[in-house]
Amino acid sequence: MSTSVLVCDDSKLARRQLARSLPDDWDIKIEFAENGVHCIEQIKKIQPEILFLDLNMPEMDGYEVLQAIQEQDLHVLTVVVSGDIQPNAHRRVLELGAIDFIQKPCSAEKLASIIEHHGIKDKAMRERLANKLGEQVDPDVRDIYQELTNVAMGQAGDLLARLLNVFVKLPIPNVNVLEVNELDMALRSIDANAATSGVCQGFIGGGVSGEALLLLNDSSFKEIASLMNYEGELNDKVELELLMDVSNILIGAILTGLSHQLDMRFSQGHPVVLGQHCDVSDLVKANKSRWQRTLAIEISYGIENHNINCDLMLLFTEDSLKTLKYKVAYLLED
């Protein structure tokens with residue numbers, strides 16, 4: 001049976017180009033949508049299995065389409081195809097439920113690679129991925145995870161602010177249950193065009209275990225060194241020390257904050273350097289086997305008036321979810 005594919009783009013040329021770039025050996029039936037409103041109508045009408053979605057469109061843009069898909073519980077695997085290559089755009093569409101992001105103009109080779117990577121030619125694989133994407137963290141539970149993290153990351157941000165004498169910008173943490181391939185995509189979306197250094201540190205305690213992963217953009221080192229009044233020449237050794245200093249502060253403080261709120265003590269393992277001065281994609285590829293299905297909490301720290309950005313991810317093992325749910329249920333009791 002043919003796979004139903006919907007291509008949504010306000011440009012007729014872009015729609016046709018993408019359709020022509022799809023693999024010749026894929027048995028598909030292609031339909032088109034001219035804007036976001038039309039896209040939602042088509043999803044409801046023809047119930048496509050795959051959607052290739054542009055972002056910048058009139059009436060209803062791609063972000064709004066992704067939100068509507070979630071809010072209306074529409075079931076379609078979405079690949080975003082856009083000329084907007086900002087890291088934040090990439091990250092945002094993944095958070096809104098897209099399975100991948102392709103930069104325009106999209107080549108046949110890139111499309112084939114994405115389709116192969118996700119196994120979406122195979123019906124069983126499509127169903128498995130669709131079921132996984134449909135598995136959401138309960139809103140009340142998500143709210144508790146976010147609030148616990150808000151308190152803990154505030155404590156970590158305070159320590160960093162005092163150390164560097166700066167104002168640390170605190171975000172709303174992102175909470176998701178992710179498979180290893182989805183974690184792969186989430187990590188790749190973090191400053192995908194910049195060199196990155198990373199540290200990972202395991203933790204365990206009270207039936208909960210996982211790893212804290214800190215990724216620091218290499219462009220941050222010069223300003224961190226300046227704020228810490230380091231006047232010598234920056235080299236790999238010095239930058240590693242700076243990376244360890246930042247990771248010790250942020251990881252230690254956030255785990256301490258969580259342990260106090262959850263009434264459990266975490267033991268921390270030795271920090272492991274995942275890589276220095278490499279693309280996030282290379283860092284992920286080299287360490288991908290470390291992570292499986294996980295509850296992921298992502299925190300993106302920034303420092304006002306300074307080019308310093310780092311991402312901290314708490315990756316809880318699947319076995320930890322039962323204990324965390326018990327703890328959260330206790331906190332939700334009236």
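The first residue in the sequence is number 1, and the count goes up from there.
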### Query
Stepwise, does the side chain to side chain donor-acceptor pair (under 3.5 Å) test hold for N217 with T196?
CA-CA 5 Å; N217 190 307; T196 303; 5.5 Å; no
So does [Y] get a backbone contact from the side chain of [X], meaning a donor-acceptor N/O pair under 3.5 Å?
X	Y	result
Q146	P173	yes
S247	L243	yes
Q201	G269	yes
Q70	L96	yes
E64	D61	yes
K29	S4	no
S320	F316	no

### From I43, L53, V93, residue fulfilling side chain to side chain contact (heavy atoms under 4.5 Å, CB included) relative to T78
L53
### Partners meeting side chain to side chain donor-acceptor pair (under 3.5 Å) with D25 (sequence neighbours left out)
K121
### Task
Could you tell me which residues satisfy salt bridge (charged side-chain N to carboxylate O under 4.0 Å, His left out) with R162, sequence neighbours excluded, listed by chain and number?
D158
Kindly list each side-chain donor-acceptor pair under 3.5 angstrom involving residues 221-233, sequence neighbours excluded, with atom names and distances?
residue, atom, partner, partner atom, Å
E223, OE1, H306, ND1, 2.7
E223, OE2, N307, N, 3.0

### Message
For D263, is the CG atom crowded, meaning more than 12 foreign heavy atoms sit under 6.0 Å from it?
### Response
no
For [X], enumerate each residue passing the side-chain contact (heavy atoms from CB on, under 4.5 Å) test, keeping only those at least two apart in sequence or located in another chain.
X	result
A33	L6, C8, H38, C39, Q42
L159	I249, A253
S267	I204

#### Entry: Face-on cation placement of R15 at F52 ring, 6.0 Å and 45° thresholds
no
### Task
Output the distance between atom CG (N35) and atom CG (D9), rounded to the nearest 0.5 Å.
10.5 Å
### Task
To the nearest 0.5 angstrom, please state how far the OG1 atom of T149 sits from the CD atom of Q261.
8.0 Å
